[in-house]
Amino acid sequence: MRMYDIITKKKMGESLTKEEIYGFVEGYTKGEIPDYQVSALLMAICFQGMNDEETAFLTNAIEASGDCIDLAEFGKLTVDKHSTGGVGDKTTLIVAPLAASLGCKVAKMSGRGLGHTGGTVDKLESFPGYKTSLTKEEFISCVREHGICVIGQSGNLAPADKKLYALRDVTATVNSLPLICSSIMGKKLASGANSIVLDVKCGSGSFMKTPKDATELAERMVKIGSMCKKNVAALITDMDRPLGYEIGNILEVKEAIAVLMGEGPEDLVEICLSLASLMAHLSLDIPLPEARSRAEEALRSGLAYEKFKEWLKAQGADISYAENTSLFPVAKYKYDIVSETDGYISAMDAEKIGLCAVCLGAGRMTKTDSIDLSAGITLKKKTGDFVRKGETVMTLYSNDEAKFSTAEAELSGALSYSKTPAHERKLIYKTITKEDI
Ligand code: URA
C-alpha cells in the first residue's frame, strides 16, 4: 500500500478499501506516514466525500487505534450521550444523573471546551475534589456501584482521532461529514456503551449551521452506529442562541443545579428531558412516552438531584457546593452590556457570544490555556424578548477587568433587533432513530 496511490484514488473520487483505510490510520498513528500526505488525503476526502461503508471502516479504524472499554457486564443498560458542541450547553450535568436515576448505566467520557464551545470536564472541575481522571477499573466500578461515571477522555482512547483532529484543525478539514462522523463515533464506540444518544446542534453556535446539514450528519452517525451494532438515536436541537441563560463554567453548573432542583429555564429543561427520555427508551427498552413521564417525575421528585449528589461524591467532589451554590466563588468584576435601541431581539449569534465568554477567561483557544472558572456571561434577554434602550441585555463576569474591552468587541453584531417579534424558532427539530433511515 502506497500512501501516494491512496491519495490519488480519493482525489479521483474512488472508494477506498478497508485495508487502505486501516493502513493509513494505523500508519499515521504510529508516526510512519507524514502529516503532509495525511493532510492531502483529508483534503481529498473533504472534496470527494466517503460512502457509508468507507465511513464505517474509518470509524472502526479510529476505535481500534487505542484502548476500548469493555462494559459487557452491564448488558444493554449502558448508555452514552454526545453533543456536537454548543454555547451554554450544560446538559450532561443534568441528563447523566437523570438517566442514571431511571436505572440506565451512564458510562461517559467527556471533553474539555475548545474554541467557542464549553466542555463538561471543565464544568465538573468547578466542584473542588471532583476526579476527572480514573483508571479503567475505577471507572467501571463507579458505574457498577452508582450507575454513573463521567470522566475525561482516557489517554489512549482513540489516539488516531487525537492526531487526525489536531491536523484537521490546522488544515481547514474539520468541516467534512464523514470526518466528523467517524471522529465522534470512533470515540463513542471505544468508550463501550451499548446505546448512544447524539445531540446534534444546529445554528450559529455549532458546526452545522442549517437543519439540513445537521440532519445529514445525524443520519450518517445513526446509520454508522447501527452498522457497528450499536443502538443509536439523535436529536437535532437549536444552537442559534445559547442554551439557558448562563455561559461559563461555574455559572452553568449553578444553572444545571437549579434544573435538578426543579427550577431552571424552559429550553434547558425541555432538551434535558428529551435527551434523558431517549437514553432511557434505548437502554431500558421502554416506550418513549413512558420514559418521558418517568424522567419528568425523577426531576420533580428530586430523585435525579439525589443521584447527582451521589455521583459527585463517588468521584470525590465536595457536595456541599451542590447543596449550597453560594459557596462557589464569584468573579471579582462585572460589566453590563446595554441595548442601544428599543426593539425585539430578532437573532443572537451564539458563536460570537461563546467567543466573548472565552475572552473573559471562561474557555481556551489553545489546549494549554488556563481557565477562569467563575468567568462568563449571564444573559438577561434572549431572542424574542423586547428591550428598551439602556436596558441590560447581558452581564459579563471576569477576574481580570482588562478583559472586558476585547470581550465586548467580540459581541459586535452579535445581537440583531427588529420592530416586530421574531418568528418563534424550534428548539428540537427532529428525532432520528435507526428506523427513520
Ligand atoms: N467533535 C469531534 O469529536 N470531532 C469532530 O470532528 C467534530 C466535533
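Indexing begins at 1, ligand by ligand and atom by atom, following the structure's order. Note that this is a predicted model, so its numbers are computed, not measured.
If you check which protein heavy atom lies closest to atom 4 (N) of ligand 1, you get S183 OG, 2.6 Å. In terms of protein heavy-atom proximity, atom 1 (N) of ligand 1 is nearest to I184 CG1, 3.8 Å. K187 NZ, 2.5 Å is the protein heavy atom nearest to atom 3 (O) of ligand 1. Atom 8 (C) of ligand 1 has its closest protein heavy atom at F207 CE1, 3.4 Å.
At least one donor-acceptor pair closer than 3.5 Å links the side chain of Q315 to the backbone N or O of V150. Side chain of T78 to main chain of F74: no donor-acceptor pair is present (N/O by atom type, distance under 3.5 Å, no hydrogens or angles).
Judged by the 6.0 Å distance and 45° axis criteria, K382 is positioned over the aromatic ring of Y245.
The closest approach between any non-hydrogen atom of R168 and ligand 1 is below 4.0 Å. Heavy-atom separations between T84 and ligand 1 are all 4.0 Å or longer.
Here the options are K18, K10, R220, the test is salt bridge (charged side-chain N to carboxylate O under 4.0 Å, His left out), and the partner is E54; only K10 passes. No option in D372, D369, D122 other than D122 meets the salt bridge (charged side-chain N to carboxylate O under 4.0 Å, His left out) test with R364. Test K201, R425, K352 against D240 for salt bridge (charged side-chain N to carboxylate O under 4.0 Å, His left out) and you get one pass: R425.
In terms of polar-atom proximity, Y165 is not counted as a contact of ligand 1, lacking any N or O under 3.5 Å from an N or O of the ligand.
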